[in-house]
2 protein chains.
Amino acid sequence: MSRWDPDAKGRLGQAARELFVEQGFDRTTVADIAARAGLTERTFFRHFVDKREVLFAGDRLAEQLTASVAGAPAGERPLEIVTRAIEEACDLITRDAQWSRRRAGIVAEHPELRERELAKMGLLASALSTGLRERGVDAATAELSAEAAVLAFRLAYERWASDAEAQRLAPLVRVVLAELRDVTG
Amino acid sequence: MSRWDPDAKGRLGQAARELFVEQGFDRTTVADIAARAGLTERTFFRHFVDKREVLFAGDRLAEQLTASVAGAPAGERPLEIVTRAIEEACDLITRDAQWSRRRAGIVAEHPELRERELAKMGLLASALSTGLRERGVDAATAELSAEAAVLAFRLAYERWASDAEAQRLAPLVRVVLAELRDVTG
DNA sequence: TAGGCGATGACAGTTTCTGACATCACCTGC
DNA sequence: GCAGGTGATGTCAGAAACTGTCATCGCCTA
């Protein structure tokens, strides 16, 4: 696998994941990743804006959430719409449970990765909020519903990742959302 | 003002703020900041862990929040405790309204600064959550109350910063919290 | 088969950030 | 007064992350 072989981005991602597991995020340089993928450092930065981004390439998530919100039945409460969109995404996210937990561990250990994760959550909230507004939901309700659902997802994901016994992620989102309702109610 | 004059950290912060306003965050190097403060780049990194941190040096915030939670009257609801703690912090944060708004503008324009801002919000939520648990609140309620209050603060702060007409920040937090209750209820 | 096009390489350069050691100002005990 | 300790700063070298620029490669098409 090198230079002109297909799926350079995928190979870079795979190489990065392997190296992060083998020797940790800090001690892996971008040059290491590129070398394992049979490419150069410069090419890495053409596919990923920075070194951290390789762990957050789930670009389709926002699109899927947007599509899910757009396809929700009429007359439903905004919070219910975005919550179900997130539930559907949960299965995609935790498809490879072992990697998901490993990845969560790596992110948890590195402040700069936690920052990026929070930023990505913010993007998801924006996508959901925009989707709701396009359905005619007023701006404040859209923003609050989206942020509340993403908050629930974030806390649920933390619990899921740190609990080796935990099975499916989606139900945990409902649990956290219920706790949020109790706390604010 | 140079080398052995007092308050090196303060001078670095002041120089950074001036330069960020004058020529933007990107085009200001750490060497520029240090030079204006009469110090060296190396000394900058002894006072701030990285270039971004100079805009987030409000270290006392977490302490003040913790103290505020610890001093709250017994028998109050957790959400009420953390909300009042945040309201008290609002006045500190917006003491210099002009700089607060300028700073918010700089942060909003730079993804890497938005990341850091979100991370700091996370630290505030952790501080509030810990404070609640030390009062005997169960872990889930503490976490949810803290995160809900910080979410309300974050959205309120966004609205305040982007609305030149907005006066005090604290009442906006209550408004957003009420919206959150409506949305989840 | 020539030429256009997109992806990659090569290379130099800037900037951020770190480690190691020297130097300076101040304070303390004698 | 002065030797020595202590904390803050300077100096220097260097790694690593990123960026700009131009050359090169493989493929596709006229």
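Lettering follows sequence order; numbering is per chain, from 1. Computation of the quantities below employed the complete heavy-atom set of this structure, encompassing side-chain atoms and omitting hydrogens, waters and symmetry-equivalent molecules.
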Rounded distance in Å - [atom1] ([X]) to [atom2] ([N]):
X: A/Arg116; N: D/dA17; atom1: CZ; atom2: P; answer: 14 Å
X: A/Arg11; N: C/dA7; atom1: CZ; atom2: P; answer: 14 Å
X: B/Leu19; N: C/dT15; atom1: CG; atom2: P; answer: 14 Å
X: B/Asp32; N: C/dT14; atom1: CG; atom2: P; answer: 14 Å
X: B/Glu53; N: C/dT16; atom1: CD; atom2: C1'; answer: 15 Å
X: A/Ile33; N: D/dC18; atom1: CD1; atom2: P; answer: 11 Å
X: B/Arg27; N: C/dT15; atom1: CZ; atom2: P; answer: 13 Å
X: A/Phe44; N: D/dT19; atom1: CZ; atom2: C1'; answer: 15 Å

**Message:** Here's one to test your reading of the geometry: is the NZ or CZ of A/Arg103 within 45 degrees of the ring axis of A/Phe56 and under 6.0 Å from its centre?
**Reply:**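 Yes, A/Arg103 sits over the ring of A/Phe56.
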**Request:** Report yes or no: is the cationic atom of B/Arg52 (NZ for Lys, CZ for Arg) under 6.0 Å from the centre of the six-membered ring of B/Phe25, at an angle within 45° of the ring normal?
**Result:**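 Output no; distance or angle outside limits.
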**Item:** Cluster link A/Leu151 to B/Val82, ILVMFWY, side chain under 4.5 Å
**Value:**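 Linked, A/Leu151 and B/Val82 end up in one cluster.
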**Message:** Is there a continuous path of hydrophobic side-chain contacts, each under 4.5 Å between heavy atoms, that joins A/Val175 to A/Val183?
**Reply:**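 Different clusters.
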**Message:** Under 4.0 Å between a side-chain nitrogen and a carboxylate oxygen: does that hold for B/Arg135 and B/Glu76?
**Reply:**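 Result for this pair is no, no salt bridge flagged.
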**Message:** So B/Ala8, base contact, sugar-phosphate only, or nothing? Heavy-atom distance under 4.0 Å.
**Reply:**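 Answer is sugar-phosphate: B/Ala8 comes under 4.0 Å of backbone atoms only.
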**Asked** Do the rings of B/Tyr157 and B/Trp160 sit parallel, tilted or perpendicular, given the 30° and 60° boundaries?
**Response**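 B/Tyr157 and B/Trp160: parallel rings.
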**Message:** C/dA7, OP1 or OP2 - any side-chain N/O from A/His47 closer than 4.0 Å?
**Reply:**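 No.
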**Request:** Would you mind building the protein contact string for nucleotides 10-16 of chain D? One character per nucleotide, 5' to 3', B for base within reach (heavy atoms under 4.0 Å), S for sugar-phosphate only, - for untouched.
**Result:** BB----S
